[in-house]
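Reading through the structure tokens given below for one structure.
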Amino acid sequence: MTQPEPALRLRAITKRFGALLANDAISLDLAKGEILALLGENGAGKTTLMNILFGHYLADSGSIEVFGKPLTAASPRAAIAAGLGMVHQHFTLAENLSVLENVLIGTEPLWLPRLGRAKARARLLALGRRFGLEVNPDAAVAALSVGERQRVEILKALYRDARILILDEPTAVLTPQESEALFSTLRTMVGDGLSVIFISHKLNEVAAVSSRVAVLRGGKLVAERPTAGMNRAALAELMVGRPVADPVRRPLPPGPPALALRAITVNGPGIRAPLRDVSLTVHRHEIVGIAGVSGNGQATLAALISGLVAPTSGQFRLFGQEPARHRPTQMITLGVGRIPEDRHAEGLVGDLAIWENLIAEQYRDKAFQRAGFVKRKAARAHARALIADFDVRCSSPDATTRLLSGGNMQKLILGRTLTRDPGLILANQPNRGLDIGAVAFVHDRLLRAREKGAAIVLISEDLDEILALSDRIAVIHAGRLSPPVARESVTIGQLGVMMAGDGPQEAGHAA
Amino acid sequence: MDLLDLLLSAGLWATVLRIATPLIFGTLGELLCERAGVLNLGIEGIMTLGALVGWLSVYQGCDLWTGVMLAACAGMAAGLLQGLLTVPLGLSQHVTGIGVTLLCTSLSYYVYRLALPQTTTPPSIAPFAPFGDGALADLPVIGGVLAQQTPLTMVALCAVVAIAWLLYRTPLGLAIRMVGENPAAADAQGISVTAVRMGAVMAGSALMAVGGAFLTLSAFNAFFFNMIGGRGWICIALVVFASWRPGKALFGALLFALFDALQTRLQQGGDSGIPYQVYLMAPYVLSIVALVVMSRRAAYPQALMIPFRKGER
Amino acid sequence: MRLERRESVPAWASVAAPLAAVAAALILCALLVAASGAPVLKAFATLFTGGFGSRFAIGETLTRATPLILTGLAAAVAFRAKLWNIGAEGQLYLGALAAVALGSGPLALPAWALLPVVMLGAALAGGLALLGPALLKTRFGVDEVVTTLLLNFIVLLFVSMMLEGPMKDPMAMGWPQSAAMLPEAELPRLVARSRIHAGLLIAVALAGLVWLLKSRTIWGFEMRALGANPRAAAFAGVPVGKVVLRVALLSGGLAGLAGACEVAGRAGYLTLDMSPGYGYSGIVIAMLAQLNPLGVIAAAVMVAGVFVGADAMSRAVGVPNYIADVLVAVSLLCMLTAMLFTRYRLRRG
Amino acid sequence: ADPLKVAAVYTVPIEQQWVSRIHKALTAAKERGEIDYAYSESVANADYERVMREYAEKGNALVIGEVFGVEQAARRVAKDYPDTAFLMGSSFKPQAPNFSVFDNYIHEPSYLTGMIAGGMTKTAKIGLVGGYPIPEVNRLMNAFIAGAREVNPQASFTVSFIGSWFDPPKAKEAAFAMIERGVDVLYAERFGVSDAAKEKGVLAIGNVIDTQADYPQTVVASALWSMEPTIAKALEMVKAKTFKAEDYSVYSYMKHQGGALAPYGTFDDKIPADLKAKVEAKKQAILDGSFVVTVDDAEPKSSK
Ligand SMILES: Nc1ncnc2c1ncn2[C@@H]1O[C@H](COP(=O)(O)OP(=O)(O)OP(=O)(O)O)[C@@H](O)[C@H]1O
Ligand SMILES: Nc1ncnc2c1ncn2[C@@H]1O[C@H](COP(=O)(O)OP(=O)(O)OP(=O)(O)O)[C@@H](O)[C@H]1O
Ligand SMILES: [Mg+2]
Ligand SMILES: [Mg+2]
């Protein structure tokens, strides 16, 4: 039987970063009209491989053929011309420019005297209609929701007539509805003869949407097989190399209330998504999951509990008292543990040493300072203990934090937070972008904290996660919080409808 | 003369345009650099270099327009240096800018002294003449103002339109704005961030140098040490004041020039008991006040001062 | 070709880089010297003896390095916290103005108390000068690069107004200069027939103190965290506004002290042309030192030595003395480039 | 004998009018083979002492310069090198044994140019554009104003300082502004003023140097400063080893040919004869001592 010509053929791609072998002689084919899922733990080398394919990195050795023709190495321009399109793990959009401008960039020879906006706008609208990716071409990207930005990224590739689309963790920040919309778009595209490479840590999605999976481990291609017949657990085992156990949540009777919000409103300048009349009580030994489409006030709720903003009106009681001041320091001393949404931007100071980040919330404590001087020995010892306890992979407490992988960064933050036995924990998207091993670790630690008596507010867009961990679940929409309901009494479908607010068609537009 | 008469006099507005011309060139040049993500603190030195090269080439026998072109080329060369240091090498833009200013300034003085070792009065050239009476002077209202201007002022005004067109209406302008906002995004679409930034810095520096040359070829006829006298630094402030928009940059330059022109006239209006320094301070103080008023609306190029190194996170 | 970050700085590179930079700078300047027809080799010989080769040369280099250390520290402190203070020149002049205002007679203080009061007053004046832009930054989000830059002009005009007005020395025959510092308010000279004064000791001591503050105290921790990632710092509970103001006072204060040391140690009174751009040079020095307070000392001595040596060279071989600034600028740019290559390597692709 | 080693330390470039006079006199002496001349220009305040010391160390017999602003330091250097002669532009007294002073005392010819300005103005409005109001500038402006008042008591004066020594475009704008106010004679203390006058067809009065060749239809008269008498005297004293601390100011006076009214040149027949006669009479009175031009260092102000 003669093999049909593959859309893409990678041969023995090898790439080193210093001592690290990020891609080790990887050979991989992509057939026309297939969706290939690329799996692997954090740092396995998936993004690196795709960056080589798209010309961002130059491979140390190996070759690439696209539709039978060799691809010029290290040139995004050549990759685009060959029909490749890439949606990057971190979006590559300019917030201050319009959607149209973001799409148009690089599509015209630079020396033309005109941009040709009118024609481009018409083409963009047509593409949007055809693939169900409608966005306003003249909106500034800053005003778009994450889902809409995702659409712009895909439109960018389609606008360039991409025949092969690479999506690096496209659903990490999407709601279930947005993900579903994305998948139906992908199916339309495959129907049109396009090919897709799809990277994700969400194994349910992988099982649902891909036709084949390829698995990387430590830079090597370790498995390649059809998806048909594989479920989440099988994929997980393929990826990690051993079975991954789901954390178990023991039923516990709720303890005394730790956090009580009564009719809280937060608004004012600088608040993007206000909170309106929010009431919520969270007890010790209890996890309350907050589900919702991003942009509906989660960030403000998190900022409120973190001490970054004060309520405009309403009553905020922590362990039975109203805090004197709404400041991060106040919350920390009162025993609130905070896991921020964005570990790079808010969680850690990348350029400081690991031990410095580990005392960042308590450097004023007697344990770590004397007369204004940092007790460096004590701080380092503290860091060493935490690193061991939380299994952070790093060379030493003095290593620069920036060089850690996302999973290890998250472990640092968990360690910093949980070591103080907080009575209330705010966990805002604690698993974004982590592989399933890391996710299991985080879940396990959160559940242990719950058993020790912590009250946990878990904000997440991942309904699987919410359902797996929460005792009660509330849905946030347009700044209002639904009354929490027991986990057992809702289904994913019901939650999805609640998240969309009054009408399901609104999902994805609420920014 | 009361303020209203003053504001209605053609002389005042002619002065405003003349004072504003080097500022317009400098501000547009800086704006171009900053839109591409490079803060070019070399401006003061590059203007000095332009002033020298323009003047010296005319003094050596070139015609005036050749002098302007050579000044622009010298500016481009300085821009090439500033660009190489900040774009592919990604060095701190503050310190390279100050270094380039020091280098261009001292090099200009050195070259001037080598070329003219024994002068006791500064040698001069025949500069651009004002348009004078002619078609322009017959225009209603602005005729009297324009007649007193020289061709380079017209070039400056045209440059405002040209830069605005470039930035907002052409693919190149979009590329410039994109590398200033999100270089990774431009890079991902096959645009060479290095080339676009280098080009913007060089073109911007050429404009700055022409602004300097205006001082020696139009506003005056000789080269002086210290002649730029902080005009370059003013342009840096004007770019922020203008929120990185060419039209507003023109407005800002005219406003600053208006303060300056009024300041001269008020100072001459008799002894008011106010020290003359207060008048000289006014444009700077008002610039800061203006910045405070408009600060909330200023939208920085997001990648300003952030070097882009391909493949580094 | 692209730059790739090295995992660690190889030892040979940290030695070779400055040498390569100096060599490159010298070659470039040799072309300029040769262009004037002067003997290049003799020029280089006098360059070194003029900067470091005699008691006089070393004295002059250290004298010039004194204010540079202080303005270098001012920039290093501010830049570390990402407060882009380009206004050290103005802060220096305000510090000097405060120093002469306090040190020229109005205070009835015992001799031992006068000098500390003068120095503190100068530091406070410099600090307050930066506090304004810092407040505008934290309250209104106004870009401090621009405000501090513009303030330089305003301060200079203000000093000019003072020196031609209320603070004009009546004994100065109408010249716009301040009254002279009282002898008790002057910094003692350290070496006979040389200009080295106690300001050098102050500057070196402060470099040590700033290093200690930066790397060992919780204030330093707050400053570094804020500079590296303001959002994360705020999230962790660093009082961002307070820290910015503290940094402003410290940075401006150091620049103000530079001015005070110049009037109290070298000039004796204040004139409008006292500083040949020490405030701007401070930025250069801070970056050469990679914002390390102890490195600032070395960078300041180097920059001062290059200038003093090149200036002497210009006289010895008869080239225009503007060559001194050219050489400083060229060596600065070469040095920065060389330092980059200790941290990065060139790689294909 | 070997030529005398002379060095000069200037705080500004040698094109600056004031310093150009010293530089010219010394260059002339050098060309005559009288001296060996080295100089440093644009020396910053902070560097001035070092450069002086370097020249003294190198065995220069005479060091010349201007020490406005670095008075203390310069005098300290002079004390450290008692065998070197120092001749410095300064507003202060000489310092024994080796520190002499001079200054541009050309208030006398300035008075005369003021008279011409007063006689030539048709609008009775005269403008003065200066750099900074320092004594060296003030005294000349005041003498000029006094001279103009003598001839034309109704004349009104507009005074403007541009706050810079080197900004001809700015000086030009200040002059333009004055011309708009009806001024028709300008006192050109700075470069740039005569250019404005030339462009607008009004008259200008020169200062320190004669620029009539460049502005034949504009510059009516100039008060000239000449450093040759001062330099000649100093060289003579140094050669004779009799140099001591003295005030050389008088060598800038008209009676020593240090100050002079420039020839009328192109304006010879445009200046009314009676005005010329008045000026001539005043000149004689100054020379024979029967008229003394007041030295007034106060900042001149615009007339109300
Ligand atoms: N620019 C770089 N410089 C140096 N090393 C790098 C660079 N990018 C990636 N690496 C190395 O290559 C390895 C693979 O990284 P890569 O980003 O490809 O992982 P990944 O599989 O995409 O992980 P994730 O699932 O977290 O996205 C990393 O562990 C890292 O050590
Ligand atoms: N510039 C770099 N130099 C060296 N190593 C790097 C660099 N950038 C990233 N890495 C390495 O890449 C690895 C993975 O980085 P990456 O940021 O992809 O992590 P991640 O798990 O994907 O985190 P996240 O999903 O939160 O971004 C880390 O081990 C880190 O050490
Ligand atoms: Mg990845
Ligand atoms: Mg990742």
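Chain A is the first sequence line, chain B the second, and so forth, proteins listed ahead of strands; every chain is numbered from 1.
Among A/Gly347, A/Pro340, A/Ala73, the residue making the largest number of heavy-atom pairs under 4.5 Å with chain C is A/Pro340. Interface check for chain C: of the options A/Val374, A/Asp351, A/Thr329, the most heavy-atom pairs under 4.5 Å are formed by A/Val374. Options A/Lys375, A/Arg364, A/Arg370 differ in how many heavy-atom pairs under 4.5 Å they form with chain C, and the most are formed by A/Arg364. Comparing A/Ala345, A/Ala303, A/Ala360 by how many heavy-atom pairs each has under 4.5 Å with chain C, the most go to A/Ala345.
Atom CZ of C/Arg345 is surrounded by more than 12 heavy atoms from other residues, nucleotides or ligands within 6.0 Å. Atom CZ of C/Arg343 sits in a crowded spot, with more than 12 heavy atoms from other residues, nucleotides or ligands closer than 6.0 Å.
Between A/Phe17 and A/Tyr57, the ring planes lie perpendicular to each other; the angle is over 60°, past the 30° to 60° tilted range.
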Residues A/Tyr363, C/Phe221; criterion ring-ring contact (aromatic ring centres under 6.0 Å, His included); working and verdict: CA-CA 9 Å; A/Tyr363 61 89; C/Phe221 176 77; 5.1 Å; yes
Step by step, would you call A/Asn408 with A/Ser405 a side-chain hydrogen bond (donor to acceptor under 3.5 Å, both in side chains)? CA-CA 5 Å; A/Asn408 281 309; A/Ser405 72; 3.3 Å; yes
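In this structure, C/Lys137 is not positioned above the aromatic face of C/Phe140 in the sense of NZ or CZ being under 6.0 Å from the six-membered ring centre and within 45° of the axis.
Interface remark: A/Leu308 contributes side-chain atoms only to the contact with chain C (heavy atom separation under 4.5 Å). Looking at A/Arg338, the atoms closer than 4.5 Å to chain C (heavy atoms on both sides) sit in the backbone and in the side chain alike. At a 4.5 Å heavy-atom cutoff, the contact between A/Arg376 and chain C is made by side-chain atoms alone.
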